[in-house]
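Input: a single structure, listed below in structure tokens.
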Amino acid sequence: MFLKGKSAIVTGSTSGIGLAYAKALATEGASVMINGFGDEAAIEAERKELETLSGAKALYDAADMSKPEQIAAMVERCHAELGGPDIVINNAGIQHVSAIEDFPPEKYDAIIAINMSSVWHLCRAAVPHMKAAKWGRIISTASAHSLVASPNKSAYVMAKHGVAGLTKTLALEVARDGITVNCISPGYVWTPLVENQIPDTMKTRGLTRDQVINDVLLAAQPTKEFVTPEQVAALALFLCRDEAKSVTGANLSMDGGWTAA
Ligand code: NAD
């Protein structure tokens, strides 16, 4: 349990990749603050399971990642109740698939706020605590779309390129403070976020469900397999180790070869 005594905030951890991060960190003994939307009873069951896995306290914070003041309050609550935060995983994200001329401006604003600006606000609030502790790990879930584009995902691709840019900038700023800053760029991971964009893609491109899965989603992924949330979480766990202290400012692909093409 190499993370015993450390605390972690994982945004968007009521589902998908975020939930896998939270479990992986707890399995190594970290106190985890989970965040995201969902069914109250399911979230409470998850929180309790994390305490069982870690033997440490786990908390849920309902901060909306589109609201900077709620993000700052979540960090201060973590500091007061769990210490740290020593580890921050920026993971909350939403998607909308549409041609730019039909893209609702309010969806654009929400994607930029939740997928990109929240990362800046959370880092801004957490870095002073990490500097004081002379240790920190900041990990963001970017995407293959932080490196390459796909049509009809204008806001998402912009936001993820922004996360990759912040990762590099902040890594340089805190390089002498014992803090590493990295992002992980998965290809398609089978989670509700991917499942939910199938109907829109079927409509936008006039395809069947199977065609969307095989000819659109997995078309770009040479392995023809979805990445799993557990694989992404295992890479994040490695980044928290002392052996990974020289890995900083990196955008680590886990995309079945997609961006090698
Ligand atoms: P998901 O839909 O399963 O989970 C998203 C999480 O974000 C949920 O917990 C949800 O409640 C939370 N969330 C949404 N809006 C929020 C808000 N305003 N405030 C706080 N929390 C909010 O999706 P996922 O696939 O697990 O995605 C997680 C991250 O991984 C996202 O940033 C996504 O862009 C990225 N990603 C996913 C894939 C993939 O194929 N699934 C690929 C690359 C990157």
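Atoms within a ligand are numbered from 1 in the order they appear, just like the ligands themselves.
Side-chain atoms of His79 come within 3.5 Å of backbone atoms of Gly84 as a donor-acceptor pair (strictly under, hydrogens ignored). A distance-only check finds a donor-acceptor pair linking the side chain of Asn35 to the backbone of Gly12 [under 3.5 Å]. Judged by distance alone, with hydrogens and angles left aside, the side-chain atoms of Arg47 form a donor-acceptor pair with the main-chain N or O of Ala58 at under 3.5 Å. Using modelled atom types, one side-chain atom of Asn182 and one backbone atom of Val247 make a donor-acceptor pair closer than 3.5 Å. Remark: the backbone N or O of Ser185 is not paired with any side-chain donor or acceptor of Ser143 at under 3.5 angstrom.
In this structure, Phe103 and His96 have perpendicular ring planes: the angle between them is above 60°, well past the 30° mark.
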Could you go through ligand 1 and note, for every N or O atom, any protein N or O atom closer than 3.5 angstrom, writing the atom names and distance to 0.1 Å, or 'none'?
| residue | atom | partner | partner atom | Å |
| --- | --- | --- | --- | --- |
| ligand 1 | 3 (O) | Ser15 | OG | 2.5 |
| ligand 1 | 9 (O) | Gly12 | O | 3.3 |
| ligand 1 | 9 (O) | Thr14 | N | 3.3 |
| ligand 1 | 9 (O) | Thr14 | OG1 | 2.7 |
| ligand 1 | 11 (O) | Thr14 | OG1 | 3.3 |
| ligand 1 | 11 (O) | Phe37 | N | 2.9 |
| ligand 1 | 11 (O) | Phe37 | O | 3.4 |
| ligand 1 | 18 (N) | Asp64 | OD1 | 2.9 |
| ligand 1 | 19 (N) | Met65 | N | 2.9 |
| ligand 1 | 25 (O) | Thr191 | OG1 | 2.4 |
| ligand 1 | 26 (O) | Ile17 | N | 2.8 |
| ligand 1 | 32 (O) | Asn91 | O | 2.8 |
| ligand 1 | 32 (O) | Lys160 | NZ | 2.9 |
| ligand 1 | 34 (O) | Tyr156 | OH | 2.5 |
| ligand 1 | 34 (O) | Lys160 | NZ | 3.1 |
| ligand 1 | 40 (O) | Val189 | N | 2.6 |
| ligand 1 | 40 (O) | Val189 | O | 3.2 |
| ligand 1 | 41 (N) | Val189 | O | 3.1 |
| ligand 1 | 41 (N) | Thr191 | OG1 | 3.1 |

